[in-house]
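Worksheet: the structure to be examined is printed underneath.
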Amino acid sequence: MMGAFRGFGLSLLTLAMLGGCATSAQNNSAETTTSASVTLAAPPSIGQPLTLKQIMANPDWMGIFAKGEYWSDDSQSIYFARQAHGAPIKTYYQQRLTEPSAHELALDQLHAASQQHGVLDFAKTRKAYLYQGNLFVKNLSSGQVTQLTRQNTAIDGVRFLSNGDIAYWQGDDIFKIHQGSGLLEQMANIKMAIEPKAVEAPSSYIAKQQHRLIEYVALQQESAIAKQTYQAQLAKSDPTLSAKTWYLGDKEVVSQLSLSPTGRYVLLSLRDKDYSWRAEHDIMPNYLGKDGYVDAVPVRTRVAEDKHPGERLVLLDLQTRDKKEITIEGLIGFDEDVLAKVKAENAQAKGERYQSQTAPRKVQLMQDWGWSQSAIQWQPTQDKVAVMLEAIDNKDRWLATLDLNKGRLVTQHRLHDDAWVNYNFNQFGWLPNSDSLYYLSEETGYSHLYIKTKGEEATPLTQGKYVVSDITLGPKAEFIYYKANKQHPGIDNVYRVEIVSGKEQQLTQWEGQLDYQLSPDGTKLLLNASRRTQPAELFVQAIGGELTQLTHYTSDAFKQYPWQAPEVVAVPSTHGADDVYARVYLPQGFDNTKVDKYPAVIFNHGAGYLQNAHYGFSGYFREFMFHNLLTQNGYVVMDMDYRGSKGYGRDWRTAVYRNMGHPEVEDLKDGVSWMASNANVDANRVGTYGGSYGGFLTFMALFTEPELFQAGAALRPVSDWAHYNAPYTSNILNTPEVDAIAYERSSPIEHAQGLNKPLLIMSGVLDDNVFFQDSVRLVQRLIELEKPMFETAIYPVEPHGFRQPSSWLDEYRRIFKLFEQELK
């Protein structure tokens, strides 16, 4: 249940991951432009060629789009925010389904707006939610909102208890508001400290002598014992006092806290308090500090130094005051040496021999990078709990129930992967009033939906070579709704499956990409949907009804320009893979028989595990416009979903395990061959570019296949995976300590001697994702290798995703100049 948990530092897992580094991602931290904003360039006119200044300008000319949309509680309105590029605040809107346009919410209305992340009581008559850290309750029939707290210390989470009371937690303290009397009761006070010692009788000879001979000392002892006895009797007899403090030691901190529906149990996940996401030397210099000095900005640690200790579970019974330490023996394979082959290969490379042995593995609560739920899920009406755990070595995911009486985990499902378990597609939950769990799993090679009843084999509700995601249990628990790319890997639609019969139904007929939300009453879908040349807008569709566009925020200037919609093609693989999907943009006036063949550019998307060769509007909106500009200048442009990309199943994802940069370059080779055969491209006049993972891939292509491309531009690029973060890199390459072979095989700096074509390296100095140091180290390596064919450009104020239009413009002017010089 949403709100029934609290987590510290979950965002650290995604703070620096390549999965969020689409280079054109708009900065959504603002609503109105500030005085420091760059003036909008004139948008492109119909019939006029594009200019770099136009397409790299402040993107507000394209439209200020709806973000963070959600349903009202009565299913009759939509709430969303809009945010201009580079402005400090958001503006919130309500769009009633019966009205033609949205109206802006005043500041004094925000607290009463239906909250996306609220929780319902068991009768579904009240909704509790947090606004600005305070607790509110809404009566769903009358719409009346009542504020229950007004304080400066933010509340972390809230839930309704089965008796109708409201529980909430702040830090490690849990409180309950009695619905009848309004009494505020502290249910639990958890302290990560050593319990104070009780009064002890003297034990040594000297101490006993002191108490025997010195009356004052003996009197103090008697007084202390009397006070201790009185407090114990008072706590036992006086019902007005709060619960006794839980002392859990001073070696750990609470990672997550989850309260059961009755309020009897608290399940805690604890982590070593000395573990940190950074060390003192993990800093990034800001050369343009506001005081004129160099500021040392803290950044995350590197995978080569990250030593995650794992987590452990503790169950507190607030009724009996019993504490149970939950061990991991109930997890199937908890002590397997899953890295034995990798360790043996690395030992052999050093002339050593590895002897495999079993030992308990480190685990933690599942850290899915896309979900909003907790990895701890209580059965909605009963004190039954399921947890999803993952091994720190990334090879196993367990869905387990917890025997509350014995404190034992019972494995309900084990997902093992010799490469790594996906950090997406991990949603799960309980079917109401049952012992059945529903969950997603990639065990067949594609993410699919399953039902698992206690003591029985799991039943698949979906099957096939497509990806299921974003599951939603309907309000009556008759259907589970989901998104899938059944029609084509690059086309999303919404479906539902009847739980009892397994009958499936397609609910939308969209030819692009979409995200959806089911209305609270289960009768309508809210879609955030886009097509290849149409940025995302909001739509509403009644189940079984017609689609209605709700927002129209795309600017006329953008809609009226004749953008080229890229064709999505399947490039045959000559390297044992299936077809590689790619977007292809053709030059204006394309002639497949032209004697003077076309130059071409391949764009390498970021994140590695990201899909861009789809039928929706690309998150790389600047690159989309840049590719249109390139076609106007006579280029063919290809954008490939090379192996490792998202949307194509488990085997495609893990094809890069321990071998990053090699399968992908093979796919790029096939892309060049396809363009030469099908798009009249001169294979000797092809360049490549990309940012983040795309920059890494540019390095690997130029270093390991030096004749494939005639020039390359690497933006914000990874040059050495040992310097990237642990949550992302350890999935694919294990850790440098365990698998040095994989890191040396996959890091561009190890292959830099292969460079013999022009290379442009561009990095932001304030990049706290892929550090500027990555480029610095590679540049020095190239200098020492006496490679004269590279140039660099630095951007002193830019983080990983550039923010200033002037920086975007400078960057792409250099890329365009490189291609014009080397490919024309």
Side-chain angles (χ1 to χ4, degrees), residues 8-9 11-18 20-21 23-40 56-60 83-91 132-133 152-154 274-302 304-306 622 691-692 695 714-720 723-725 761-780 783 791-814:
F8 293 99
S11 61
L12 295 180
L13 289 174
T14 55
L15 178 65
M17 73 179 186
L18 286 173
C21 69
T23 58
S24 284
Q26 293 195 47
N27 177 10
N28 292 321
S29 62
E31 160 52 39
T32 55
T33 54
T34 65
S35 58
S37 296
V38 175
T39 303
L40 290 177
M56 297 299 161
N58 182 323
D60 289 349
Q83 203 167 18
H85 184 78
I89 57 173
K90 297 178 181 178
T91 299
Q132 298 290 338
N152 291 327
T153 302
D274 292 329
Y275 173 70
S276 175
W277 60 277
R278 65 175 302 272
E280 290 185 6
H281 60 257
D282 293 322
I283 61 170
M284 174 180 65
N286 176 8
Y287 294 100
L288 298 179
K290 61 183 177 62
D291 295 323
Y293 300 102
V294 178
D295 293 336
V297 181
V299 291
R300 49 88 182 156
T301 192
R302 295 156 176 80
E305 297 177 329
D306 192 292
R622 291 186 180 89
S692 196
L715 296 61
R716 51 193 76 79
V718 174
S719 69
D720 188 345
H723 285 252
Y724 198 58
N725 70 37
I761 305 170
M762 294 174 286
S763 299
V765 175
L766 298 185
D767 192 335
D768 59 357
N769 183 348
V770 179
F771 298 151
F772 181 59
Q773 185 187 17
D774 266 51
S775 292
V776 172
R777 294 179 69 241
L778 181 64
V779 164
Q780 182 59 29
I783 290 172
E791 293 185 354
T792 62
I794 65 170
Y795 298 89
V797 301
E798 295 297 352
H800 194 62
F802 283 14
R803 296 172 181 169
Q804 302 302 316
S806 55
S807 298
W808 282 107
L809 177 60
D810 182 88
E811 186 176 47
Y812 275 77
R813 276 177 172 167
R814 295 175 187 274

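Only this structure's heavy atoms are used, side chains among them; waters, hydrogens and symmetry mates stay out.
Among residues two or more places apart in sequence or in another chain, the salt bridge (charged side-chain N to carboxylate O under 4.0 Å, His left out) test is passed with R278 by none. Partners of D810 according to the salt bridge (charged side-chain N to carboxylate O under 4.0 Å, His left out) rule, which considers only residues two or more places apart in sequence or in another chain, are R814. Residues satisfying the side-chain contact (heavy atoms from CB on, under 4.5 Å) criterion with E791, sequence neighbours excluded, are L760. Residues meeting the side-chain contact (heavy atoms from CB on, under 4.5 Å) test with V776, sequence neighbours left out: F772. Contacts of Y795 classified as ring pair (Phe, Tyr, Trp, His ring centres under 6.0 Å), with partners at least two apart in sequence or in another chain: F802. Residues forming a salt bridge (charged side-chain N to carboxylate O under 4.0 Å, His left out) with D774 (at least two apart in sequence, or on another chain): none.
One distance of note links OG of S806 with CE of M56; it measures 12.5 Å at 0.5 Å rounding. Taking OH of Y275 as the reference point, atom CG of D306 lies at 3.5 Å (rounded to 0.5 Å). Annotation: the span from H800 atom NE2 to S763 atom OG amounts to 10.0 Å, rounded to 0.5 Å. Rounding to the nearest 0.5 angstrom, the gap separating the CZ atom in R622 from the CD atom in E811 is 9.5 Å. In this structure, the separation between CG on N725 and CG on N769 is 7.0 Å, given to the nearest 0.5 Å.
Minimum heavy-atom separation, P285 to V294: CB-CG1, 3.9 Å. Pairing each heavy atom of D768 with each of M284, the nearest pair is N-SD, 3.9 Å. Closest of all the heavy-atom pairs between R803 and P799 is NE-CG, 3.7 Å. Taking each heavy atom of D295 and G289 in turn, the nearest pair found is OD2-CA, 3.3 Å. Minimum interatomic distance between P796 and L766 (heavy atoms only, all atoms of both residues): O-CG, 3.6 Å.
Between Y724 and V770, some side-chain heavy-atom pair lies under the 4.5 Å cut-off.
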Exercise. Determine, step by step, whether E305 and D282 satisfy the side-chain contact (heavy atoms from CB on, under 4.5 Å) criterion, reporting the C-alpha distance in whole Å, the side-chain angles of both residues, the deciding distance to 0.1 Å, and the verdict.
Key: CA-CA 10 Å; E305 297 177 329; D282 293 322; 4.1 Å; yes
Give the C-alpha distance, both sets of side-chain angles, the deciding distance and a yes or no for side-chain contact (heavy atoms from CB on, under 4.5 Å) between R302 and F771. CA-CA 10 Å; R302 295 156 176 80; F771 298 151; 3.5 Å; yes
- Full working for side-chain contact (heavy atoms from CB on, under 4.5 Å) between Y812 and L715: CA-CA 10 Å; Y812 275 77; L715 296 61; 4.0 Å; yes
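With hydrogens and angles disregarded, no donor-acceptor distance shorter than 3.5 Å links the side chain of D291 to the backbone of Y293. Remark: side-chain polar atoms of E798 are paired, donor with acceptor, to backbone N or O of Q804 under 3.5 angstrom.
In summary, of the residues considered (T792, I761, I794), a side-chain contact (heavy atoms from CB on, under 4.5 Å) with S775 occurs for I761 alone.
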